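Right, one structure below, let's go through it.
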Amino acid sequence: MSGVIRQKQRTEEELKQEGFKRFSRKKQIVMARSLPASESPLQIDTSWGGVLTALAGDMICYNTEGQQFDDVSQYDHWSVKPHIFDTTYADWDENFQPTLAQRQLLNIGCKPYYKSVGVWAKSLDSDVYVQGLEHDKPVLIPENRVLAIGAEGEPWAMGDETFHDRYDGDLSPPQESRLKSIANRLIKFLKGN
């Protein structure tokens, strides 16, 4: 399959040429735990309809903002490879008064962390295939999603709302990219797609 975005080290100049911008992460509590072998493999349904596969030892991260759920699988959650987690997350270093949801996650072995590094990201103006670390094969990421490149060159996607909840900065593409996006949508419409 050609045209698949895969993990690779990119220079800052290459990322900029591909339309990515650097964004700082907002400091927010993320509850996380290592996935035990007894729960592996864990299939995680994403908000955009994709499925991530977490393996034993992967870090399962939970966002507990909002309401408390009866089942921890109902929280927004994702997996991170342990070596990437170790370089991009840090122990929570401020006063920690756990909410009911956070207490629930503490009871299953989670601890409070925060993501300590930023990300390179861009809003997609067309559909792309991405081979993420948590996917067995490339997955289609629809336009208007946010494509991010992690600390080790790993691609992953998120929704616009999730991006703005987690990162500082304006994701708006330059005027040229906006015009390209409009042209691409018009071509798709005219082709009947």
Side-chain angles (χ1 to χ4, degrees), residues 7 9-10 12 15 20-48 50-123 130 132-135 145-171:
Q7 180 178 7
Q9 289 299 336
R10 296 164 175 85
E12 187 173 315
L15 288 162
F20 290 94
K21 295 191 311 189
R22 181 82 178 152
F23 296 93
S24 297
R25 175 71 184 224
K26 294 176 183 177
K27 189 171 182 181
Q28 300 166 314
I29 291 179
V30 172
M31 300 299 290
R33 67 184 175 103
S34 178
L35 183 67
S38 62
E39 296 178 35
S40 176
L42 175 66
Q43 301 295 310
I44 301 171
D45 294 321
T46 65
S47 60
W48 50 272
V51 177
L52 304 178
T53 302
L55 303 175
D58 287 353
M59 296 298 291
I60 307 302
C61 302
Y62 299 87
N63 176 6
T64 58
E65 293 182 12
Q67 71 183 50
Q68 180 184 3
F69 294 104
D70 294 331
D71 184 338
V72 296
S73 68
Q74 293 176 284
Y75 293 108
D76 178 28
H77 61 292
W78 61 96
S79 63
V80 178
K81 295 296 179 194
H83 67 283
I84 294 174
F85 186 89
D86 290 344
T87 60
T88 60
Y89 286 79
D91 292 331
W92 186 255
D93 58 1
E94 296 178 17
N95 185 28
F96 178 61
Q97 298 295 325
T99 64
L100 291 174
Q102 290 165 341
R103 281 194 201 116
Q104 179 185 26
L105 291 165
L106 287 167
N107 288 336
I108 65 163
C110 288
K111 295 180 183 174
Y113 298 92
Y114 69 98
K115 190 164 185 185
S116 57
V117 299
V119 70
W120 288 89
K122 69 178 181 178
S123 184
V130 171
L133 296 178
E134 299 84 6
H135 300 106
R145 302 282 302 163
V146 177
L147 178 62
I149 303 295
E152 295 192 4
E154 71 280 7
W156 51 281
M158 67 187 112
D160 191 62
E161 185 176 326
T162 299
F163 174 83
H164 289 291
D165 286 345
R166 295 180 185 170
Y167 296 93
D168 287 319
D170 180 17
L171 196 56

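Keep in mind it's a predicted model, so treat the numbers as computed, not measured.
With sequence neighbours left out, the side-chain hydrogen bond (donor to acceptor under 3.5 Å, both in side chains) criterion links Asp71 to Ser73. Every residue two or more places apart in sequence or in another chain was checked for a side-chain hydrogen bond (donor to acceptor under 3.5 Å, both in side chains) with Gln9, and none qualifies. Judged as a side-chain hydrogen bond (donor to acceptor under 3.5 Å, both in side chains), and not counting sequence neighbours, Asp86 has no contacts. Residues forming a side-chain hydrogen bond (donor to acceptor under 3.5 Å, both in side chains) with Asp170 (at least two apart in sequence, or on another chain): Ser172.
Under the side-chain hydrogen bond (donor to acceptor under 3.5 Å, both in side chains) rule, Tyr62 has a single partner from Gln102, Arg33, His77, which is Arg33. Shown are Val51, Asp76, Thr53, Ile60; of these, the side chain to side chain contact (heavy atoms under 4.5 Å, CB included) with Ile44 is made only by Ile60.
Taking every heavy atom of both residues into account, Ser79 and Ala54 meet most closely at CB-CB, 3.6 Å. Taking all atoms of both residues into account, the shortest heavy-atom contact from Gln67 to Tyr75 is O-CE2, 3.6 Å. Contact record, Met31 with Thr64: CG-CG2, 4.2 Å, taken as the closest heavy-atom pair. The two atoms that bring Ala37 and Ala56 nearest to each other are CA-CB, 3.7 Å, heavy atoms only.
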What side-chain donor-acceptor pairs closer than 3.5 Å can you find for residues 110-121, not counting sequence neighbours?
from, atom 1, to, atom 2, distance (Å)
Lys115, NZ, Tyr167, OH, 3.4
Ser116, OG, Thr88, O, 3.2

Side chains of residues 148-161: which donor-acceptor pairs under 3.5 Å do they make with residues two or more places apart or in other chains?
from, atom 1, to, atom 2, distance (Å)
Glu152, OE1, His83, NE2, 3.1
Glu154, OE1, Glu152, N, 2.8
Glu154, OE2, Ala151, N, 3.4
Asp160, OD1, His164, NE2, 3.3

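Counting only distance, with no hydrogens or angles, the side chain of Gln28 and the backbone of Asp165 share a donor-acceptor pair below 3.5 Å.
Within the 4.5 Å cutoff, no side-chain heavy atoms of Ser34 are placed close to those of Asp58. Here the side chains of Arg25 and Arg166 are in contact, with some heavy-atom distance below 4.5 Å. Residues Met59 and Ile84 have side chains not in contact (no heavy-atom distance under 4.5 Å, counting atoms from C-beta outward). Between Leu106 and Pro98 there is a side-chain heavy-atom pair separated by less than 4.5 Å. Side-chain contact between Leu147 and Phe20: present, with at least one pair of heavy atoms (C-beta onward) separated by less than 4.5 Å. Residues Trp92 and Lys27 are in side-chain contact: their nearest non-hydrogen atoms beyond the backbone lie under 4.5 Å apart. Within the 4.5 Å cutoff, side-chain heavy atoms of Trp78 are placed close to those of Val30.
Taking SG of Cys61 as the start and CZ of Phe85 as the end, the distance is 5.0 Å to the nearest 0.5 Å. To the nearest 0.5 Å, atom CG of residue Asp168 and atom CZ of residue Phe163 are 8.5 Å apart. Taken from NZ in Lys81 to CG in Leu55, the straight-line distance is 4.5 Å, to the nearest 0.5 Å.
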